[in-house]
Amino acid sequence: MAGPAPNTLARSITESVTLAIAARAAALRAAGRDVISLGAGEPDFPTPEPVASAGVSAIRGGQTRYTAAAGLPELRAAAAEWFQSQFGLRFTPRQVMASSGAKGALHMALTCLVEPGDAVLLLAPYWVSYPDLVRIARGRPHVLEPVPDQGFVHRGEQIARAAREQGAKGIILNFPGNPSGAVPTAAELRDIVDAAAAAGLWILSDEIYATLLYDGAEHHSPAALPGGRERTLIVNGGAKSHSFTGWRLGFLAGPEPVIDAAVRIQSQVLGNPCTISQIAAIEICRGDHREENARRLQAFDERRRFLVEEINRIPLLRLEPPRGAFYALVDARELCASLDLDDVALCEALLEDGLVATVPGSAFAIPGHLRLSYAASTKEIREAVARIARFVAARAT
Ligand SMILES: Cc1ncc(COP(=O)(O)O)c(C=O)c1O
């Protein structure tokens with residue numbers, strides 16, 4: 001008798017492309033090849049010392065038991081204060097829950113919000129996990145084409161049209177955006193929120209890069225805009241701002257009935273997010289890390305400026321300055337055409353021959369592009385750019 005087989009949905013779910021590339025780069029490194037990875041969306045800085053110490057103290061102090069499914073009451077209170085102090089958003093502790101990373105928060109939110117078959121709008125280029133997270137919640141992702149000539153910020157009318165045509169129920173927003181680095185102005189975001197409100201869409205707003213802004217860009221949350229608050233679920237956390245990636249702790253904030261439902265689901269699926277990480281997250285919310293954060297932001301900004309300048313020197317590649325997050329979305333369409341390769345093959349060639357790991361734009365629904373993460377050391381970024389330049393010079397004649 002044949003053993004059990006994964007069901008149709010499970011078979012349709014793909015492995016995260018970014019994780020797959022990181023694994024491929026690691027395998028090449030293990031085989032002795034000197035690969036530089038600009039593939040991962042993970043700061044190269046360590047977790048700040050006070051945050052790491054809070055986690056260690058939690059272990060030493062025996063705070064290693066189950067907690068309430070939503071997270072420790074003290075963490076929910078601290079997170080509510082953090083939303084207020086960082087972003088001017090007022091939540092009660094009951095309107096905030098902790099989950100296992102931003103991914104956990106997105107999953108809990110989508111499983112609460114989506115009815116089977118509901119259309120959920122995604123704005124390309126989107127973060128790789130959204131389509132499969134929507135499918136896992138039994139929804140139907142509908143992708144709006146990228147709008148590079150609008151700085152990768154869709155207009156309300158474009159969203160309204162798609163919502164009408166698809167009978168959509170919700171939309172996922174991600175500003176600052178991965179991979180585009182797009183940050184809308186307050187007016188642009190208001191236009192989007194107005195369209196969502198008019199179409200009766202819920203908004204799942206992934207704001208995990210909200211503190212990583214450049215060139216005077218400002219973060220605005222849909223929940224802070226008229227008509228936005230009651231329809232918006234926010235995902236945020238310290239993963240990217242506080243190098244908290246491996247601790248797997250993120251927040252979901254929004255209307256209480258949805259948070260209550262998400263907590264019930266989480267209680268059955270996860271129990272609670274890691275207790276030790278919750279205690280370290282209280283330090284993220286309550287500690288004063290402004291100096292350290294400013295230093296990190298400046299380092300990212302220097303790397304960003306360097307990349308923009310150097311990539312634009314390489315023939316057949318173009319890079320518009322990203323306004324947020326830590327990714328450079330390089331337009332490689334001319335290089336792909338000249339080499340007669342698509343972006344996936346270009347990425348593979350760049351990894352195998354150029355020894356630089358990047359992510360193909362197709363993974364984000366923007367073919368012909370490459371995503372470079374500049375959450376890597378300046379030394380690595382310099383060397384990676386030199387390798388890319390050599391690769392292009394040798395291949396493209
Ligand atoms: C837009 C976006 N959302 C969510 C996540 C996942 O964050 P976490 O590690 O907290 O699950 C990432 C990580 O790359 C991301 O880029």
Side-chain angles (χ1 to χ4, degrees), residues 15-23 37-45 47 51 71 75 79 82 96-110 120 122-134 136 141 152 171-184 203-213 219 221-222 233-253 262 266 269-270 273-274 277-278 280-281 284-285 300 322-329 357-359 361 363-366 371-376:
E15 185 190 2
S16 158
V17 178
T18 42
L19 294 183
I21 285 168
S37 181
L38 301 187
E42 177 162 56
D44 57 320
F45 305 114
T47 305
V51 179
L75 175 60
W82 179 77
V96 181
M97 68 181 280
S99 190
S100 291
K103 268 188 182 169
L106 287 163
H107 174 67
M108 298 307 155
L110 286 167
V120 178
L122 303 181
L123 307 177
Y126 51 65
W127 179 50
V128 281
S129 292
Y130 296 144
D132 276 345
L133 281 167
V134 169
I136 290 167
F152 294 111
I171 183 167
I172 302 184
L173 301 181
N174 170 220
F175 300 121
N178 174 4
S180 68
V183 181
I203 299 172
L204 184 51
S205 182
D206 182 346
E207 303 178 18
I208 195 76
Y209 296 101
T211 57
L212 301 176
L213 299 163
H219 176 69
S221 173
L233 274 292
I234 299 178
V235 171
N236 210 325
K240 313 293 179 172
S241 56
H242 289 72
S243 303
F244 208 53
T245 46
W247 297 73
R248 310 308 304 132
L249 202 289
F251 301 128
L252 180 66
Q266 177 154 287
V269 178
L270 290 181
C274 172
S277 303
Q278 289 188 51
I284 290 183
C285 295
F300 284 139
R323 285 163 42 86
F326 43 55
Y327 304 102
L329 187 61
T358 60
V359 185
F364 313 97
I366 184 153
R371 190 196 75 174
L372 277 49
S373 162
Y374 51 91

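Basis for what follows: all heavy atoms, side chains included, without hydrogens, waters or symmetry-related copies. One-based numbering, in listed order, for ligands and for the atoms of each. Predicted, not measured: the structure shown is a model, and the values here were computed from it.
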Ligand 1 polar-atom proximity to protein (N/O, under 3.5 Å):
{"unit_1": "ligand 1", "atom_1": "3 (N)", "unit_2": "D206", "atom_2": "OD2", "d": "2.6"}
{"unit_1": "ligand 1", "atom_1": "9 (O)", "unit_2": "R248", "atom_2": "NH1", "d": "2.8"}
{"unit_1": "ligand 1", "atom_1": "10 (O)", "unit_2": "A102", "atom_2": "N", "d": "2.7"}
{"unit_1": "ligand 1", "atom_1": "11 (O)", "unit_2": "A102", "atom_2": "N", "d": "3.1"}
{"unit_1": "ligand 1", "atom_1": "11 (O)", "unit_2": "K103", "atom_2": "N", "d": "2.9"}
{"unit_1": "ligand 1", "atom_1": "11 (O)", "unit_2": "R248", "atom_2": "NH1", "d": "3.4"}
{"unit_1": "ligand 1", "atom_1": "11 (O)", "unit_2": "R248", "atom_2": "NH2", "d": "2.8"}
{"unit_1": "ligand 1", "atom_1": "14 (O)", "unit_2": "K240", "atom_2": "NZ", "d": "2.7"}
{"unit_1": "ligand 1", "atom_1": "16 (O)", "unit_2": "W127", "atom_2": "NE1", "d": "3.4"}
{"unit_1": "ligand 1", "atom_1": "16 (O)", "unit_2": "N178", "atom_2": "ND2", "d": "2.7"}
{"unit_1": "ligand 1", "atom_1": "16 (O)", "unit_2": "Y209", "atom_2": "OH", "d": "2.7"}

Check your understanding: Can we call the ring centroids of Y327 and F364 under 6.0 Å apart?
Key ->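 Y327 vs F364: aromatic centres not under 6.0 Å.
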
Check your understanding: Considering residues at least two apart in sequence or located in another chain, which fulfil the ring pair (Phe, Tyr, Trp, His ring centres under 6.0 Å) criterion with W82?
Key ->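 Counting only residues at least two positions away or on another chain, W82 forms a ring pair (Phe, Tyr, Trp, His ring centres under 6.0 Å) with F87, F251.
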
Review point. Quick one: ring pair (Phe, Tyr, Trp, His ring centres under 6.0 Å) partners of Y130, sequence neighbours excluded?
Key: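 Result, ring pair (Phe, Tyr, Trp, His ring centres under 6.0 Å) vs Y130: W127.
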
Check your understanding: Any idea how Y209 and F326 line up, ring-wise: parallel (<30°), tilted (30 to 60°), or perpendicular (>60°)?
Key ->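 The arrangement is perpendicular - the two ring planes meet at more than 60°.
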
Check your understanding: Considering residues at least two apart in sequence or located in another chain, which fulfil the side chain to side chain donor-acceptor pair (under 3.5 Å) criterion with S277?
Key ->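 Scan of S277 (side chain to side chain donor-acceptor pair (under 3.5 Å), adjacent residues dropped) gives none.
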
Practice item. Quick one: do D206 and L106 satisfy side chain to side chain contact (heavy atoms under 4.5 Å, CB included)? Show the steps, please. Key: CA-CA 8 Å; D206 182 346; L106 287 163; 3.8 Å; yes

